Amino acid sequence: LDFVTTRVITRSGVTTNINNLKKVQAERAKSIIVMNSAASWRPDEELKLADALVLKSIMSIIAVCDGDEHPPIVCEIHSDRDRDLAEHITTGTVKALNEVSVLSRMIAQLALSRNGLSVVYGDMVGFDGNEFYFYQPDEGWGGPLTFGESINRFKSSTPMGIHTGEGKIILNPEADTKVTDEDELIVFAEDDSTIFYFNEPVYKPQMKDTLQVDTSLRSQRVALLNWTPKTSIIMNKLCSYLPAGSDVITFNSTKTGEMEENLAKLQQEYPSLNIAVRQMDLNDLSHLTTIEPQSFDSLLILSPGGSSIEEMDAYVISLLIRIRQILRESGLDKWPKLITEVMDSENIDIILNSGVEDFMVSNQFVSQIMAQVSEEPLALDVYDDLFQAEGSELYIKPANYYFSFDDRESITLPYGECAQAALLRKEVCLGVQLHADQKNRDKFFGVALIPDKDKKFTLTSQDGLITLAEDES
């Protein structure tokens, strides 16, 4: 690894020991990241102990800093109760991340959008790609400004929302929402050095009216394979998104009281959905065939616990092989969307060759989000907002929702028109996805994020727009 001008210094010691923290001058840090010693799939007692050690580490840091004036602290805590406790333990900044909750909500959204959304998330959380920044020009906004107008005041970056002067995060606000001199824009950009605000529009779109097409939500069938700490949250999120008549069915080798209790709650809260938990030996090909994988719109293959990440990925890959065999023997051209989580990024190529179209590298995502939040604590508030069923989330939607092709195979237009077409539908466009390159890793799986407004794209009806929107319609 090339760290360029950065020096990486390691020290051994007990992180809850005040003397050890004084030796490394913790109080002078720009930010402090407190890692959790227990993986999310470990037994409950181990998770509780690990959370307690994180809380003690935070208290030790506060003690070293002589009170509430301490560097921003970012930590990982499994329990929602302890997470809330950590964030209110001091008047200083403490951001606590729950790995299971964040990943579960991401995975649920992958099931609802077109293929490729995991690539967008991967770019968003990694320092190598694009990130969101809280931006306000030194000279102010140069006069009255609405959120809709701000879209075309940036050339190759895009406002996603507003951080108000009162501290409120609003993603994808109404186009006529006023941006005041006390507000910051939440801007999606390659780097803060690439953000340039112009007092006049850098692009003047030609499109004036939204396309009238039937984009009503249709019912879906979603299957989850394996019960893990994430399953109940994913089921809950899916139920909050899916329209009436949809199916959410989980298959697992055993059935426990916890599963029955979660199922009863969901069935009571969402009576218009068909929700079930069924016992099934997923390692038996003949049993797996009976669930008819080909009848589902999406299959979510979750990674169970294991003694090592290699063992966990091996299980997922073996299950993928069995499912692929069933789908091939079905003779159907259209397969359900296959989504899985990967523990080791070294296994991505194997996963892709197994027919998976969206994947989540679990350990990398959490680490990258924590690193990003350590640089900008408010980033966690944006992620929390982004993964709520209420408000706006990320989707990849068909290009024919936005443009009329009129029996034409393709149309060529500047990216600025894509941004305008999304704005007319009360959405924010973050990029495009080209269907022809969807399986090409070298071409970023067809995803082009925040291109220059003047850059021209040739789109077909199979291509998609990557947008921040209230739902998938």
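It should be emphasised that the depicted structure is a prediction, and the values quoted were computed from it without experimental measurement. The basis for the numbers below is simple: all heavy atoms, side chains too, and nothing from hydrogens, waters or symmetry mates.
Checking side-chain atoms of Lys455 against main-chain N and O of Ser156 turns up no donor-acceptor pair under 3.5 Å. Judged by distance alone, the side chain of Glu174 and the main-chain N or O of Phe147 form no donor-acceptor pair under 3.5 Å. Without hydrogens or angle criteria, Ser246 side chain to Gln220 main chain gives a donor-acceptor distance under 3.5 Å. Using modelled atom types, no side-chain atom of Thr15 and backbone atom of Ser57 make a donor-acceptor pair closer than 3.5 Å.
Taking all atoms of both residues into account, the shortest heavy-atom contact from Val366 to Glu99 is CG2-CG, 3.3 Å. For the residue pair Pro336 and Ser298, the shortest heavy atom distance occurs at CB-N, 4.3 Å.
Checked options Glu427, Glu417, Lys397; the residue passing with Tyr402 is Glu427 (criterion: side-chain hydrogen bond (donor to acceptor under 3.5 Å, both in side chains)).
Between the side chains of Tyr395 and Asp471, not a single donor N or O lies within less than 3.5 Å of an accepting N or O. No side-chain donor from either of Asn98 and His78 sits under 3.5 Å from a side-chain acceptor of the other. For the residue pair Asp284 / Ser286, a side-chain donor-acceptor distance below 3.5 Å is found, with atom types taken as modelled. Checking Ser392 against Asn172 by side-chain atom types alone, a donor-acceptor pair falls below 3.5 Å. Side-chain atoms of Thr412 and Thr458 form a donor-acceptor pair, as typed in the model, at a separation below 3.5 Å.
Identified under the side chain to side chain donor-acceptor pair (under 3.5 Å) test for residues 266-276, with sequence neighbours left out: Asp247-Asn274.
Annotation for Arg408: atom CZ counts as buried by contact number, over 12 foreign heavy atoms lying within 6.0 Å. Lys255 NZ: more than 12 foreign heavy atoms inside a 6.0 Å radius.
Between Tyr383 and Phe132, the ring center distance clears the sub-6.0 Å criterion.
Look at Arg83 and Asp51 and you find no salt bridge, because none of the NZ, NE, NH1 or NH2 atoms lies under 4.0 Å from a carboxylate O.
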